[in-house]
Chemist: 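Quick one: the structure is below, and I'll ask about it shortly.
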Amino acid sequence: MASAERSDGATATDHAGRSLRTVQLVSFTVGNEEYGVDIMAVREIRAWSETTPLPNTPEVVRGVINMRGAIVPIFDLRARFGMPRTEPTKYNVVIIVSVASRIVGILVDAVSDIITINEDEIRPMPNMEQVSGLGFMEGLITVGERMVGLIGLERMFSGRMLEAADSAGGKMLPGPSESTGAAA
């Protein structure tokens with residue numbers, strides 16, 4: 001069995017003609033559930049700070065923050081998941097992520113862990129077409145006794161939501177592909 005470190009940090013392993021890619025996730029809690037996002041999309045993890053509310057935005061948009069001179073919209077994941085809006089405390093966290101070439105923040109209850117898995121450990125979501133809101137889930141991961149839902153950020157944040165935050169809050173901080181034309 002051969003193993004090689006790739007330039008992007010992932011490990012490719014040749015085992016019986018199969019190639020596996022290692023993926024790292026930042027896991028966090030929303031309510032009593034644990035979710036994860038690809039660490040490559042995470043730009044920063046910040047303590048909760050008050051946002052400036054914006055008129056005529058979806059309820060999931062908490063408002064905007066000024067991050068080093070750029071306006072960054074903050075989305076409430078509890079509200080996005082159909083739960084009551086978060087009543088933020090000093091323990092809540094905002095994860096700044098790159099989504100569809102934009103930088104946005106997601107308000108979560110707490111960051112849990114960094115999880116390293118092989119791509120083949122991601123299990124598909126069970127077929128539950130009648131359940132709304134599961135379209136942004138890319139799969140499930142078992143970590144010990146816990147189940148972690150893998151969130152597809154680009155699926156979660158539809159163009160409508162990003163457009164609403166963008167137009168109400170002025171120019172948002174561009175993502176890596178927009179800032180200099182090069183990936184970060």
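Bear in mind the structure is a predicted one, so any value in this text is a computation, not a measurement.
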Chemist: Would you name the heavy atoms of Ser98 and Leu153 that are closest together and state the gap between them?
Modeler: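 Closest pair (atom of Ser98, atom of Leu153, distance): O-CD1, 4.3 Å.
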Chemist: Nearest 0.5 Å, please: how far is CZ in Arg46 from CD1 in Ile95?
Modeler: 13.0 Å
Chemist: How long is the straight-line distance from CD of Glu44 back to CD1 of Ile103, given to the nearest 0.5 Å?
Modeler: 10.0 Å
Chemist: Measuring from atom CZ of Arg62 to atom CG of Leu107, what distance do you get when rounded to the nearest 0.5 angstrom?
Modeler: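 Taking CZ in Arg62 and CG in Leu107, the distance rounds to 6.0 Å.
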Chemist: When rounded to the nearest 0.5 angstrom, what distance separates CZ in Arg123 from CG in Asp120?
Modeler: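 If we round to the nearest 0.5 Å, Arg123:CZ and Asp120:CG are 7.0 Å apart.
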Chemist: Answer yes or no: is there an ion pair linking Arg78 with Glu87, defined by an N-O contact shorter than 4.0 Å?
Modeler: no
Chemist: Between Val97 and Val104, is any pair of side-chain heavy atoms under 4.5 Å apart?
Modeler: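 Yes - at least one pair of side-chain heavy atoms lies under 4.5 Å apart.
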Chemist: Is there a donor-acceptor pair under 3.5 Å between the side chain of Asp38 and the backbone N or O of Leu25?
Modeler: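 No, the answer is negative, given that no donor and acceptor are paired below the 3.5 Å cut-off.
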Chemist: For Val94 and Trp48, run side-chain contact (heavy atoms from CB on, under 4.5 Å): C-alpha distance rounded to whole Å, both residues' side-chain angles, the deciding distance at 0.1 Å, then the answer.
Modeler: CA-CA 6 Å; Val94 175; Trp48 166 254; 3.8 Å; yes
Chemist: Taking all atoms of both residues into account, what is the closest heavy-atom pair of Pro73 and Val64, and its distance?
Modeler: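 Looking at all heavy atoms of both residues, the closest pair is CA-CG1, 3.8 Å.
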Chemist: Answer yes or no: is there a donor N or O on one side and an acceptor on the other, between the side chain of Asn118 and the main chain of Glu121, under 3.5 Å?
Modeler: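 Checking the backbone N and O of Glu121 against the side chain of Asn118, no donor-acceptor pair under 3.5 Å is found.
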Chemist: Yes or no on side-chain contact (heavy atoms from CB on, under 4.5 Å) for Met125 and Leu140, after CA distance, side-chain angles and deciding distance?
Modeler: CA-CA 6 Å; Met125 290 296 296; Leu140 294 170; 3.7 Å; yes
Chemist: Give every donor-acceptor pair under 3.5 Å between a side-chain atom in residues 30-37 and any protein atom, sequence neighbours left out.
Modeler:
| unit_1 | atom_1 | unit_2 | atom_2 | d |
| --- | --- | --- | --- | --- |
| Glu34 | OE1 | Arg146 | NE | 2.7 |
| Glu34 | OE2 | Ser27 | OG | 3.0 |
| Glu34 | OE2 | Arg146 | NH2 | 3.3 |

Chemist: Would you say Thr51's side chain and Pro53's backbone share a donor-acceptor pair under 3.5 angstrom?
Modeler: no
Chemist: Given side chains that start at C-beta, do those of Ile65 and Ile74 come closer than 4.5 Å, heavy atoms only?
Modeler: yes
Chemist: Among Thr29, Ile45, Val42, which residue meets the side chain to side chain contact (heavy atoms under 4.5 Å, CB included) test with Val111?
Modeler: Ile45
Chemist: Heavy atoms, side chains only, cut-off 4.5 Å: are Met67 and Ile96 in contact?
Modeler: yes
Chemist: Would you say Ile114 and Ile39 make side-chain contact, with heavy atoms under 4.5 Å?
Modeler: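 Touching, per the 4.5 Å side-chain cut-off.
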Chemist: Contact between Ile122 and Leu150 at the side-chain level, heavy atoms closer than 4.5 Å - yes or no?
Modeler: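 Yes, their side chains come closer than 4.5 Å.
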Chemist: Is it true that a side-chain atom of Asp76 and a backbone atom of Arg85 form a donor plus acceptor pair closer than 3.5 Å?
Modeler: no
Chemist: Any idea which heavy atoms bring Leu54 and Thr57 closest together, and the distance?
Modeler: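 For Leu54 versus Thr57, the nearest heavy atoms are O-OG1, 3.2 Å.
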Chemist: If you round to the nearest 0.5 Å, how far is CZ of Phe75 from OG1 of Thr86?
Modeler: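 Going from OG1 on Thr86 over to CZ on Phe75, the span is 14.0 Å.
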Chemist: Can you check whether Glu154 reaches Phe136 side chain to side chain, under 4.5 Å on heavy atoms?
Modeler: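 The answer is no; the side chains never approach within 4.5 Å.
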Chemist: Quick check: closest heavy atoms across Glu119 and Val23, and the distance to 0.1 Å?
Modeler: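 Distance-wise, the nearest heavy atoms are CG-CG2, 3.9 Å.
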Chemist: How far does NZ of Lys90 sit from OG of Ser49, to the nearest 0.5 angstrom?
Modeler: 15.5 Å
